[in-house]
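Taking it in order: structure first as structure tokens, then the write-up.
Keep in mind the model is a prediction, meaning the values are calculated, not measured. Atoms within each ligand, like the ligands themselves, are counted from 1 in listed order. For the single chain, residues carry numbers from 1 onward in sequence order.
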Amino acid sequence: MDGTSVTRAVSRRRMLWVAGGGASALALGVAGCSEQDDADEDPTASASATMDGATPAPSTTPVSSRWPEPEEIRSRDGVLGVTLRMAPAMVPFEGGTRWALTVNGTTPGPTLRVRPGDVMKIRLENELGHSTNLHTHGLHVSPEGNADNPFIEIADGEAFDYEIPIPETQRPGLNWYHPHFHHHVAEQLYSGYYGAIIVEGEDDDDLGERVERLLTLNDTTIGQAEDAVMMVTAMMQREGREGDTLLVNGAREPGIEARAGTLEHWRIVNASASRFYRLALEGHEFAQIGSDAGRLAAPVMRDEIVMVPGERVEVLVRPSKTGTFALETLPISRGTMGMGMGGGGGIGTTATTRLATFEVTDGPGGEAKLPARTGTLESLRDRSPVKTRQLTFEMAGMSFVIDGKAFDGERIDQAVNFGTVEDWVITNTSPMDHPFHLHVWAFQVMEQSAGEPGVGWKDVVNVPAGGWVRIRIPFTGLAGKTVYHCHILDHEDLGMMAVVEVT
Ligand code: C2O
Ligand code: CU
Ligand code: CU
């Protein structure tokens, strides 16, 4: 295949965090440091992946000395070849264990690191005990055949060979993988089946020297068996299940060790089934440099960042003083069930919860400089849509529907002409928020009922209770049939999903 060979940027100037190697694992590297990851590139090595990268620290070690960065698997010569084995397992947790669905023995699964033009050859071995499949959320890749096809079913005990070519036009940033087998998405993600996909690109060169970290935010139930973790009441499903324990890369309140005067680059994904986060870092501002599906042109300073399920952000953090600071999620509401549907009680959280501890020790000091330019961002403001569609997210009793209909994979709900730009106005008539997500084609938010939309490429946007958003979507690059849905995955499983076909 022609598109699979890429010329790699030779001058990758950066500091690289090497996961799982203890406190001294901070490799201050230039160029050659990537060599240290080479062991991870061997697809056969991944099957016997060590648990090191993704497991929480044993209780005998201070949690802070071991940031639980998942293992990384990189593409080599344009190909990322890997076997991902999905299976339940007891994973280490705070000196004991917990039951989880794992990817090659860990949760989250390994981080896949690719470049535009690469092809991902993923063999999925399903030993979950249930049917499943794989979705590469955020990648601008084909939704057909054995690529990012959400209609595939891989039965328990079976294996499937995905082949997913990533176009040269894929923007750099953070994407992620999770299951997408209808009616079972929420429970499988909640139980631990998720992992990150990092796309590197030319824009990375502008960021300069920095420590890179992945933060996957997930909430779950800590339990010793499948039933204890997966079991859910009809009420919890309607609200969207939220777990009692908040995990960052599978660990509770891990420590991030940083040095004053250095630049930290965090890629954050909300990999929770339903929970919304409102992130704040004590004593620090976030410099946001990326949204779901691409980089911003320049950093945008933020005290807080709201993340609904499926959303990603990339931020730079500049520790300048030594000390210990909490990374927290602040109270956030996501509506109510409405009257006659179990009461008018609020959904969301009224508590502040610590997600991680930011431990800043002595370093070069001062405040690291922010890059002036962080990427290329073409605005869609001046493009004119050929068509405007109206979509409505509704709840009535037990039914969660879009335009009055529950999901049916055989029905085409939106037929779109390939190559055109459309506006979709999504209205939410229900008393609960619903985060809208579209596969394959990223969009920009033009207008919304609640305040000014931010800038940047998105593939998830929250549609607040009783509110609306207007998004602009270029249906370019790839054709095919796929889905759009509420990313509160219980709602998706209950039917709040529909089919778009681009031809
Ligand atoms: Cu993360 Cu269909 O989505
Ligand atoms: Cu998706
Ligand atoms: Cu929803």
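For Phe400 and His491, the ring centers are positioned less than 6.0 Å apart.
For the Cu ion (ligand 2), the set of nearby N, O or S atoms under 2.8 Å includes none belonging to His180. Because the distance cut-off is set at 2.8 Å, His487 fails to qualify as a neighbour of the Cu ion (ligand 2), as none of its N, O or S atoms comes that close. Using a cut-off of 2.8 Å, one finds that His437 contributes no N/O/S atom close to atom 2 (Cu) of ligand 1.
Within His135, the N, O or S atom at minimum distance from the Cu ion (ligand 2) carries the name NE2. For His137, the N/O/S atom at the shortest distance from atom 1 (Cu) of ligand 1 is named ND1. Note on His178: its N/O/S atom closest to atom 1 (Cu) of ligand 1 is NE2.
Between Asn146 and Ile152, the shortest heavy-atom distance links the atoms CA-CD1, 4.3 Å.
In this structure, Glu242 pairs ionically with Arg334, as a charged nitrogen and a carboxylate oxygen lie closer than 4.0 Å.
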> Are His439 and His137 close enough, and set up right, to give a side-chain contact (heavy atoms from CB on, under 4.5 Å), and what steps lead you there?
Replying inline: CA-CA 7 Å; His439 287 208; His137 180 140; over 6 Å; no
> Checking salt bridge (Lys or Arg N to Asp or Glu O under 4.0 Å) for the pair Arg113/Glu200: CA distance, chi angles, key distance, verdict?
Replying inline: CA-CA 7 Å; Arg113 234 185 221 265; Glu200 298 180 341; 2.6 Å; yes
>> Show, in sequence, the C-alpha distance, side-chain angles and deciding distance for Tyr484 and Trp424, and conclude whether the ring pair (Phe, Tyr, Trp, His ring centres under 6.0 Å) test is met.
In response: CA-CA 12 Å; Tyr484 54 94; Trp424 287 16; 5.3 Å; yes
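Taking atom 2 (Cu) of ligand 1 as the corner point, the angle from His439 atom NE2 to His180 atom NE2 is about 100° (rounded to 10 degrees).
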